[in-house]
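We use all heavy atoms of the structure for the numbers below, so side chains are in, but hydrogens, waters and symmetry mates are not. Counting from 1, the numbers follow the sequence of the chain as shown. Everything numeric here is computed off the predicted structure, so don't read it as measured data.
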Amino acid sequence: MTTDPARQRFHDLARRDAEGSILARFPAEPDRLDRLSLEAAGLFLDLSKQSWSREGLDAGLDLARALDVEAARDRMFSGEAINSSEGRAVLHAALRADESAGFQALGQPVSGEVDATRAAMRAFAERLRADGRIDSIVHIGIGGSDLGPRMVWAALKPLDPVIDVRFASNIDGSDLTEALHGLDPRRTLVIVVSKTFTTLETLANARVAKAWLQAGLGEDVSAHLVGVSAAPERARAFGCGEVFGFADWVGGRFSLWSAVGLSVACGLGWEAFEGLLAGARAMDGHFRVAPLDANAPVLMALAQAFNVAAGRDARTVSPYAHRLRLLPSFLQQLEMESNGKRVGPDGRPVAGDTCPVVFGEPGTNGQHAFFQLLHQGTAVIPAEFIVVAENPEGGETQAALNANALAQAEALMKGKSEAEVRAELAAQGLSEDEIAVLAPQKTFPGNRPSTTILMERLAPETLGALIALYEHKTFVEGVLWGLNSFDQWGVELGKVLARTIQAELEGGAPQPHDPSTAALMARVRRGQ
């Protein structure tokens, strides 16, 4: 089957299936739950509450075969330049592979370099923890140099850490001020993370942090400054005493597994960081060998592509685990920066819509915010529920938390008919006139799709597997939509214009702007 007919059939069936009853598909397809649930790398996935029929899923699998998803996956793992616009390999999987795994980037061996960096990270982290002189780390980065480590730290940090880790990313001075507040420069390590070591926000914060160190320690603060960069010479020139490098085939939003994760390796301890790598490595192995119809990242990607084809342009992710509260923010960058595009690697517009808006909050907080929209709004917004069965910190509330997660998924699918509501209101003694007004307001249309991902407990291994699942899902979606998921030209234009505007706000010569921007700049200047 060629690509265009396969894509057209998939889109046609997505629109058709979206109108059908998800709940009715269970008796119509007795094997539905078995076919649409699977275990991978310590995670259990249930995709049976998605809208697709058996025929619709088969059409998705046919599209994946027509687009040769498996060959694209193999090209990534073999180190070909799948980031075609920048001529780079994409090898975050090499960063968590076993020692001497034999990965190559554009034909050149890289596993030895990965092993050496990992050994240096381990030695540094263990020395820092054993020494005891540092009790705080301030991690300065932005985007991929911040979100991954920040999310992992929130998920796994001890309640009483040996070394506390704080993060600063925003160029707004309040962010760094909060991160440094109450710290002792003598016992603080600042880790500056920037792939190019030219990132405006990161360097601005790094200069302030360096001055803070110097105010407390004197001019030479190199022992308290560590750089992590693919341009190590710039980090050394900045004054970093130790520098950890990584290669250009490490994409920012896929870089957690590299030296970018040094701060959490120090804060969590090396054993925990190794567990994170091991969990991701297990998901890599599953992704590489599992058949398409039992491949967790592939099925997750097909579910998203199916919903997009059905006209659903948003998706919510609700982790029912406080420790995973930053996962939605992490996924916003991972998915929307990767696939928020309308032009393919050949320079031509792609066929159809691509990445939906991704948003979310931890449960049960989200239930008291946007879940009203999920249940009764005019738009159908697919949901993902992340459930942690056991939590030693959960205590007596864990059962209630898990019950809410399962109930919300069930409620979104089943809904509540107007006839049911009318019967309830009548039993309460309301008049027909009152029922006529209230019943439509209390009706839930249901038929809202969701996926549930369940882990027995939140551990470094299961977290690593979860992150890798979403990384590979994002890659497969790029293949399905005809995109290069590993560049991000869309972030550049605003940066360029900001430099011009900043120069004017600081007293430079006026430049031509549209009337709105010029008027806003004038007001900002008056308030400075």
Side-chain angles (χ1 to χ4, degrees), residues 7-26 28-29 32 36 45-57 59-60 63 299-320 328 331-332 335-336 339-340 352-361 363-364 366-386 404-421 439-453 470 473 477 480-481:
R7 188 181 302 280
Q8 188 61 56
R9 180 167 179 264
F10 178 64
H11 282 211
D12 289 345
L13 287 173
R15 289 189 289 269
R16 184 203 72 179
D17 285 356
E19 300 301 319
S21 167
I22 301 171
L23 190 60
R25 299 198 194 283
F26 284 90
E29 303 170 8
R32 182 176 180 86
L36 293 173
L45 286 76
D46 180 358
L47 295 100
S48 64
K49 292 188 182 75
Q50 289 292 335
S51 297
W52 47 26
S53 63
R54 183 191 301 270
E55 188 181 12
L57 174 57
L63 177 61
L299 291 176
M300 290 279 288
L302 285 174
Q304 175 137 304
F306 183 95
N307 284 314
V308 169
R312 298 161 178 170
D313 56 6
R315 174 177 124 258
T316 186
V317 179
S318 293
Y320 274 70
L331 295 179
Q332 284 175 345
E335 299 189 29
M336 292 195 285
N339 292 331
D353 294 330
T354 59
C355 184
V357 172
V358 180
F359 69 99
E361 282 288 326
T364 56
Q367 293 175 202
H368 295 268
F370 56 84
F371 272 49
Q372 167 65 45
L373 175 67
L374 300 185
H375 283 289
Q376 292 186 308
T378 54
V380 175
I381 299 176
E384 277 166 23
F385 297 95
I386 318 296
N404 271 274
L406 303 182
Q408 290 296 328
E410 184 179 37
L412 284 168
M413 177 179 67
K414 291 177 66 175
K416 194 172 186 179
S417 70
E418 186 169 341
E420 291 175 294
V421 176
Q441 298 177 60
K442 292 193 168 189
T443 296
F444 291 72
N447 214 36
R448 311 269 163 132
S450 68
T451 292
T452 298
I453 301 174
Y470 278 109
K473 165 188 175 289
E477 288 164 359
L480 295 174
W481 290 323

Does either side chain, that of Ser53 or that of Asp17, offer a donor lying less than 3.5 Å from an acceptor on the other one? yes
Do Arg25 and Ser48 have a side chain donor and acceptor closer than 3.5 Å?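 Short answer, no.
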[X] vs [Y] side-chain heavy atoms within contact, under 4.5 Å:
X	Y	result
Ser318	Ile386	no
Thr316	Phe385	no
Pro440	Glu418	yes
Asp313	Val308	no
Arg312	Pro382	yes
Leu57	Phe306	no
Arg448	Leu374	no
Ser21	Phe26	no

Going by the rule side-chain hydrogen bond (donor to acceptor under 3.5 Å, both in side chains), which residues pair with Lys414 if we only count those two or more places apart in sequence or in a different chain? none
What pairs with Lys473 under side-chain hydrogen bond (donor to acceptor under 3.5 Å, both in side chains), at least two apart in sequence or on another chain?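 Here the qualifying residues are Glu335, Glu477.
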Between Arg9 and Leu13, does a side-chain contact (heavy atoms from CB on, under 4.5 Å) hold up when you go through it step by step? CA-CA 6 Å; Arg9 180 167 179 264; Leu13 287 173; 3.9 Å; yes
Hey, could you give me the [atom1]/[atom2] distance between [X] and [Y], rounded to the nearest 0.5 Å?
X	Y	atom1	atom2	result
Gln408	Asn404	CD	CG	6.5 Å
Lys416	His375	NZ	NE2	12.0 Å
Asp46	Leu36	CG	CG	8.0 Å

Charged N to carboxylate O under 4.0 angstrom, Arg16 versus Glu55? yes
Side-chain ([X]) to main-chain ([Y]) donor-acceptor, under 3.5 angstrom:
X	Y	result
Gln332	Val358	yes
Gln50	Asn307	no
Thr364	Gln367	no
Asn447	Met413	no
Arg32	Arg54	no

Looking only at heavy atoms, what is the nearest atom pair of [X] and [Y], with distance?
X	Y	value
Glu19	Arg15	CG-O, 3.7 Å
Thr443	Pro445	O-CD, 3.9 Å
Ala314	Phe359	CB-CE2, 4.3 Å
Leu302	Trp52	C-CZ3, 3.6 Å
Ser51	Ala18	CB-CA, 4.4 Å
Leu47	Ala303	CD2-CB, 4.1 Å

Taking atom CG as the centre, does Asp353 end up with more than 12 heavy-atom neighbours from other residues, nucleotides or ligands that are less than 6.0 angstrom away?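 Open.
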Go through the steps to decide whether Leu373 and Ile381 satisfy the test side-chain contact (heavy atoms from CB on, under 4.5 Å), and finish with yes or no. CA-CA 9 Å; Leu373 175 67; Ile381 299 176; 3.9 Å; yes
Enumerate the residue pairs fulfilling salt bridge (Lys or Arg N to Asp or Glu O under 4.0 Å) with a member in residues 369-384, sequence neighbours excluded, ordered by first and then second residue. Arg315-Glu384
Parallel, tilted or perpendicular, as decided by the 30° and 60° cut-offs, for the rings of Tyr320 and Phe371: perpendicular
Carefully, step by step, assess Met300 and Thr451 under the rule side-chain contact (heavy atoms from CB on, under 4.5 Å). CA-CA 8 Å; Met300 290 279 288; Thr451 292; 3.9 Å; yes
